[in-house]
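One structure below.
The sequence lines fix the lettering, A, B, ..., with proteins before strands; numbering per chain opens at 1.
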Protein chains: 2
Amino acid sequence: MSTIKDVAEAAGVSIATVSRALHGLPRVSEATRQRVLAAAAELRYVASPSAASLASGQTNAIGVVAPFVNRWYFAAIVHSAEERLRKAGYDLLLYSLGTDTHERRRAFSGTLLRKRVDGVLVLGLHPTAEEVAALSAVGGPVAIVGADVPGWASVRIDDEAAARCAVRHLLDLGHRRIGFIGGADELHTAMPADRRVGYRAELAAAGLPALPELEAVGGFTVSGGHLAAKRLLGLPEPPTALFAASDEMAMGAVQAARRSGLRVPEDVSVIGIDDHEMAELMDLTTVAQPVVAQGELAAEMILTALTDGEQPLPAITVPTELMVRGTTSSPRG
Amino acid sequence: MSTIKDVAEAAGVSIATVSRALHGLPRVSEATRQRVLAAAAELRYVASPSAASLASGQTNAIGVVAPFVNRWYFAAIVHSAEERLRKAGYDLLLYSLGTDTHERRRAFSGTLLRKRVDGVLVLGLHPTAEEVAALSAVGGPVAIVGADVPGWASVRIDDEAAARCAVRHLLDLGHRRIGFIGGADELHTAMPADRRVGYRAELAAAGLPALPELEAVGGFTVSGGHLAAKRLLGLPEPPTALFAASDEMAMGAVQAARRSGLRVPEDVSVIGIDDHEMAELMDLTTVAQPVVAQGELAAEMILTALTDGEQPLPAITVPTELMVRGTTSSPRG
DNA sequence: CTGAAAGCGCTTACAG
DNA sequence: CTGAAAGCGCTTACAG
């Protein structure tokens, strides 16, 4: 593996000049630059990121912290953010925490990220005040997707409004007994709580009570949604419609209804949030959120903060859209 | 941010001793080690990865190169590999190439990875001989998932056998006119070709011809599968069963059949490969492949190669399993 | 426009 | 068991 010294010798210049030429800095004659570029290409020279980082104090890497990557929402955001960051010359260090509290602590405390990244992208987690302080102390700009934190850049949907939109759709269709399938670990992720708030608020706005027995926990998985729906539909007085806080849970709910011999939407309506890539396939009515855009925006914000220094970090709310498909209709009778 | 020097001063030892104590190396007295550990904790010291890499020649990072992360198969493998690698103290650098040939070239040429990672994990790509040579020249061990390459560690399923298993299931049910929905860019990814080979081979073993008009391109997406199925089912003499080389395409095919007014499986059977997380939900018959295990195995192989030096790199084939669900049955009549 | 040199923060023989 | 010192390969003022 060739080093900058090899290139310098081959080009007949100093290593300082090689560095400047390769970085496109001014104060290098065009002739010299060409000679250096040719020598570097010839030697297949690639600068050592470690050495460059040590000398410059920049790592040219962004850390991405998420609970999962193998879920539609996170995978889509990671993919779009990665593309944007790589284009800007940044590497993406992935920390997929799972549900492990210990790993979560390591990530947020900075043990994992300090001195390793120039900035951090947090996905789908709702950090505590302590965690915010710790991550902020890592040094670089932080952007969060799916929540907002003072001092950090953020991209999110209005979860409460999205939930209200979904419930309103059901109300407009004539439903009055509407079940809710939410997440479980409200402490860990941001949006479940907000979506539940929206559910209750929209019911209240329609003069309907929020009945505890109509709220179930789905854990944001297909099988969790299935189980939750099964319980709700087995109630003595079952709901005529189900609002699931994510499409994956909504899909599980549709399945549960059908396995219980109920037709969707004739016997029970189901609506989700997301517009998961499989939602159209399943003809699922949902409130769509733009995931690719959120990933790109978050990446963009970090890049801007990295170059533009001290300008205020934006907090963006992206719009959602009701997608009426085949799993919702008016209740019978 | 504290450096090793701060810790050394606080503990009253040299930086060499700090380094040894923190790494758990021998030849440090227990008392000294405790003192160093305490000082490091007190100062919230985290070693600079750049400095450590530059001095040691190791990056403690593994590069993961994949065409996508936002597809079930890749996301699942990245997630499980990341967990294993992080546990071993390695960072995961993600390179999600997309379909961009330019980025692919950069990744395989080593421009992206050289001097940056200790090993590489390649997912779902079928590198050319040239690419293999270039990536091998990066230096560290390489493991590939979904294909096998001489000189690299590998984990994969037997794609041809999996395809034959799927087709055999359809033959056993009595189908004789079986359509195939495969990928598109056979040059880029490994398995499409093998799965097509298996399809043809199993037909041949049953004394049936491989009819070109029964083979369609689905591009490994739901919508691609939908389109391909639509074409096949619109044939003057349509197939009574469809074998899709992935579950996502199979799901698209099921949808296409239903939208054409055909019942699945009464009018047309559909089988896929994968056992996608949504397959059970859709009651899709498929040939299951273990994704989590493949990710873990691949990570394990790299870790072993990294520590155990020059032992031969394993090439493992993991088993697949036919999952008979509700989208396949005997043809009518 | 170019070079000599300091310095980034570690690891690792080498001495003792 | 511990320390002094070289060296990893860059970047970046500082001179000229």
Side-chain angles (χ1 to χ4, degrees), chain A residues 1-37 39-40 43-61 89 91 110-111 113-118 138-139, chain B residues 1-37 39-40 43-61 89 91 110-111 113-118 138-139:
Chain A
M1 304 250 207
S2 49
T3 70
I4 197 173
K5 230 175 134 188
D6 301 323
V7 179
E9 281 170 18
V13 295
S14 71
I15 61 167
T17 298
V18 172
S19 180
R20 282 188 289 255
L22 259 27
H23 285 286
L25 296 181
R27 332 225 132 260
V28 178
S29 78
E30 196 45 38
T32 305
R33 187 187 310 283
Q34 291 308 331
R35 208 143 27 89
V36 170
L37 257 33
L43 293 167
R44 307 188 133 280
Y45 170 71
V46 179
S48 157
S50 309
S53 295
L54 185 57
S56 71
Q58 288 174 204
T59 64
N60 284 306
D91 278 323
T111 323
L113 294 165
R114 199 132 33 100
K115 299 181 184 175
R116 194 166 292 255
V117 297
D118 293 337
V138 162
Chain B
M1 303 250 207
S2 49
T3 70
I4 197 172
K5 230 175 136 188
D6 302 320
V7 179
E9 279 170 19
V13 294
S14 72
I15 62 166
T17 297
V18 172
S19 179
R20 281 188 291 253
L22 259 27
H23 285 286
L25 294 181
R27 332 225 133 258
V28 178
S29 78
E30 196 46 37
T32 305
R33 186 188 310 283
Q34 291 308 333
R35 207 142 29 87
V36 170
L37 256 34
L43 293 166
R44 308 190 134 278
Y45 170 71
V46 178
S48 156
S50 307
S53 294
L54 185 56
S56 71
Q58 288 173 204
T59 63
N60 285 307
D91 278 324
T111 322
L113 295 164
R114 198 133 33 101
K115 299 180 184 174
R116 194 166 292 252
V117 297
D118 293 337
V138 163

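Base-pairing analysis of DNA chain C finds the following stems of at least three consecutive Watson-Crick or G-U pairs, with both pairing distances under 3.5 Å: C:1-3 with D:14-16, C:5-12 with D:5-12, C:14-16 with D:1-3.
Taken residue by residue, residues 1-10 of chain A places no heavy atom nearer than 4.0 Å to DNA chain C. Against DNA chain C, the stretch residues 16-24 of chain B makes heavy-atom approaches under 4.0 Å through B/A16, B/S19, B/R20, B/H23.
Of all nucleotides in DNA chain D having an atom under 4.0 Å from a heavy atom of chain B, the first and last in 5' to 3' order are D/dC1 to D/dC10.
With sequence neighbours excluded, the residues forming a side-chain hydrogen bond (donor to acceptor under 3.5 Å, both in side chains) with A/D118 are A/T59, listed by chain and number. In this structure, the side-chain hydrogen bond (donor to acceptor under 3.5 Å, both in side chains) partners of B/T17, at least two apart in sequence or on a different chain, are B/S14. With sequence neighbours excluded, no residue forms a side-chain hydrogen bond (donor to acceptor under 3.5 Å, both in side chains) with B/E9. For A/R116, the salt bridge (charged side-chain N to carboxylate O under 4.0 Å, His left out) partners two or more places apart in sequence, or in a different chain, are B/D91. Judged as a side chain to side chain contact (heavy atoms under 4.5 Å, CB included), and not counting sequence neighbours, the contacts of B/S2 are B/D6, B/L43, B/Y45. Considering only residues two or more places apart in sequence or on other chains, B/S29 meets the side-chain hydrogen bond (donor to acceptor under 3.5 Å, both in side chains) condition with B/T32. Listed by chain and number, the residues in a side chain to side chain contact (heavy atoms under 4.5 Å, CB included) with B/A55 amount to none (sequence neighbours excluded).
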Listed pairs under 3.5 Å, donor-acceptor, residues 18-28 of chain B side chains, sequence neighbours left out:
none

